[in-house]
Number of protein chains: 2
Amino acid sequence: MTDERRKFKRESAKARKEALILATLELVAENGVRGATVRGIAQRADVTQGLIRHYFSSKEELIIAAYEHHMTAMTDQTFAPAAGVDGTALARLTAFVNASLTPPVVDPRSIALWASFLNKVQQDPQMKATHERTYAYFRDFLEGLIAAALEEAGRPAAPARLRQLAIACNAVIDGLWLEGGALPDAFAPGELADIGRQSVAAITGLNLEQEAEKT
Amino acid sequence: MTDERRKFKRESAKARKEALILATLELVAENGVRGATVRGIAQRADVTQGLIRHYFSSKEELIIAAYEHHMTAMTDQTFAPAAGVDGTALARLTAFVNASLTPPVVDPRSIALWASFLNKVQQDPQMKATHERTYAYFRDFLEGLIAAALEEAGRPAAPARLRQLAIACNAVIDGLWLEGGALPDAFAPGELADIGRQSVAAITGLNLEQEAEKT
DNA sequence: GGAAAAATTATACACTTGCATAATTACTCG
DNA sequence: CGAGTAATTATGCAAGTGTATAATTTTTCC
């Protein structure tokens with residue numbers, strides 16, 4: 001009677017892959033990489049499990065694709081706002097800190113994904129490479145912004161000093177990102193970005209608040 | 001012939017539980033909570049899997065016990081050094097920052113454990129309670145140290161300001177802890193603690209370096 | 001409209017998982 | 001030293017895992 005074969009619609013490879021990747025990210029965030037089972041992912045994407053093997057040669061490959069998708073999204077969300085500002089270096093630094101500490105970058109799901117992927121990232125060479133590239137890019141970019149802003153203010157810094165400033169500022173941003181994502185209700189909207197700008201200002205001796213008010 | 005039954009030695013409940021918990025933490029750090037299988041844990045503890053059920057009524061219970069063991073160890077390692085100092089509040093603050101940013105607190109395994117447990121912590125009420133208690137304790141302690149040190153320096157701060165300072169300092173420490181554990185080879189010994197003290201000093205306006213040199 | 005091709009579903013398999021229970025062994029205490 | 005008891009091992013089981021492959025349906029194209 002009801003044991004009819006399931007109806008389906010054909011989709012483009014691009015759309016199906018995207019849907020599977022998004023379903024994978026949801027489940028990885030919720031249950032970790034091992035908890036994101038092939039059957040669960042298929043169900044979330046409203047598809048039967050065999051289809052996954054049609055688009056990805058293994059679960060491993062799907063996981064890697066999902067990780068790269070996520071990292072690209074995070075990078076875009078962080079860098080786009082700062083790149084859009086074409087004023088002073090100080091203005092770009094301010095925009096960068098703000099973007100790093102407001103949604104959608106600050107988000108419980110991002111933290112969950114970060115945590116879930118960590119194990120795999122440290123073991124799989126390809127994922128490790130993606131991670132390190134992204135991290136280095138982030139920190140170098142921040143260091144560049146700080147260097148330019150200091151020069152602009154007439155107080156250029158030596159490379160060693162610059163490295164320390166970048167590490168420290170990166171740490172505040174990371175720490176606030178972590179706290180904001182782990183305890184979403186503990187902070188008022190904009191509070192994290194406020195504290196972030198103040199802290200970067202205190203560490204570098206630059207005045208980011210003045211910049212923030214210009215908006 | 002060789003299918004003799006395995007020889008064994010009886011141990012105290014305390015010792016066996018401890019051994020099982022340590023094996024669990026190892027495997028959770030390496031492979032995540034789901035990757036830490038009952039069989040794997042038993043093998044790591046040099047025991048057969050049935051014994052786990054004899055000491056813990058389920059895997060879940062073992063995981064929770066392991067998490068609490070780890071959190072207690074982390075807390076002890078962080079707070080003991082600061083509690084040992086009975087000089088000025090500034091000295092205690094400095095000791096606290098140092099302890100938070102040197103081994104064994106800074107350690108790749110700690111990061112891996114933190115990440116591996118995150119999912120479960122957000123889902124299991126008991127683990128969530130443990131986590132929030134530990135986190136609040138940490139931040140309140142830091143806020144208290146900052147408040148005392150500021151008062152000592154003749155510049156007491158209002159509660160709202162104090163809260164922001166504690167959040168910011170906590171974030172730097174967390175961020176540096178994270179970077180140090182995720183990229184162990186990227187920092188020279190003591191470098192993280194140096195940067196941590198400088199950053200906390202910059203944010204609060206206190207002079208932690210002078211304190212550090214007294215050692 | 002019908003055949004060819006590709007997307008999708010359905011089924012099967014070997015392996016792992018957590019848990020339960022029976023069989024044995026090491027230690028304790030008289 | 002010998003019986004009793006609790007610790008430990010051994011075995012089994014049902015459910016879930018990733019993967020492989022066969023069966024079917026949708027779309028395309030002449």
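Quick note: numbers below take in every heavy atom, side chains included, and nothing from hydrogens, waters or symmetry partners. Every chain is numbered from 1 and lettered A, B, ... according to where its sequence line falls, protein lines coming before strand lines. A quick note: this is a predicted structure, and the numbers were derived from the prediction, not measured.
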| remark: In short, salt bridge (charged side-chain N to carboxylate O under 4.0 Å, His left out) pairs touching residues 40-49 of chain A with sequence neighbours left out are A:Arg6-A:Asp46, A:Glu26-A:Arg44, A:Glu30-A:Arg44
| query | Which pairs count as salt bridge (charged side-chain N to carboxylate O under 4.0 Å, His left out) when at least one residue sits in residues 164-177 of chain A, sequence neighbours excluded? | reply | none
Interface with DNA chain D, restricted to [range] and to heavy atoms under 4.0 Å:
range                     : answer
residues 52-64 of chain B : B:His54, B:Tyr55
residues 15-39 of chain B : B:Arg16, B:Arg39
residues 6-13 of chain B  : B:Arg6, B:Phe8, B:Lys9, B:Arg10, B:Glu11

| remark: Sequence neighbours excluded, the answer for side chain to side chain contact (heavy atoms under 4.5 Å, CB included) partners of A:Ser12 is A:Lys14, A:Ala15
| Under the side chain to side chain contact (heavy atoms under 4.5 Å, CB included) test, which residues partner A:Lys59, sequence neighbours left out? | A:Val38, A:Ile63
| Check ion pair A:Glu18-A:Arg16 (N to O, under 4.0 angstrom) | no
| request: Using whole Å, report how far CD of A:Gln49 lies from C1' of C:dA12. | output: 11 Å
| field | Spacing between A:Leu51 atom CG and C:dT8 atom P, to the nearest angstrom | value | 5 Å
| Does B:Arg163 have any salt bridge (Lys or Arg N to Asp or Glu O under 4.0 Å) partners at least two apart in sequence or in another chain, and if so, which? | A:Glu191
| note | In short, side-chain hydrogen bond (donor to acceptor under 3.5 Å, both in side chains) pairs touching residues 63-78 of chain B with sequence neighbours left out are B:Glu68-B:Thr130
| field | Selection residues 102-114 of chain A - residue pairs positive for side-chain hydrogen bond (donor to acceptor under 3.5 Å, both in side chains), sequence neighbours left out | value | none
| message | Just to verify, what does B:Phe79 make a ring pair (Phe, Tyr, Trp, His ring centres under 6.0 Å) with, not counting sequence neighbours? | response | B:Phe96, B:Tyr137, B:Phe141
| Pairs satisfying ring-ring contact (aromatic ring centres under 6.0 Å, His included), at least one member in residues 37-64 of chain A, at least two apart | none
| request: Examine the base of D:dT9 for any acceptor or donor lying under 3.5 Å from a partner atom in the side chain of B:Arg5, and report the outcome as yes or no. | output: yes
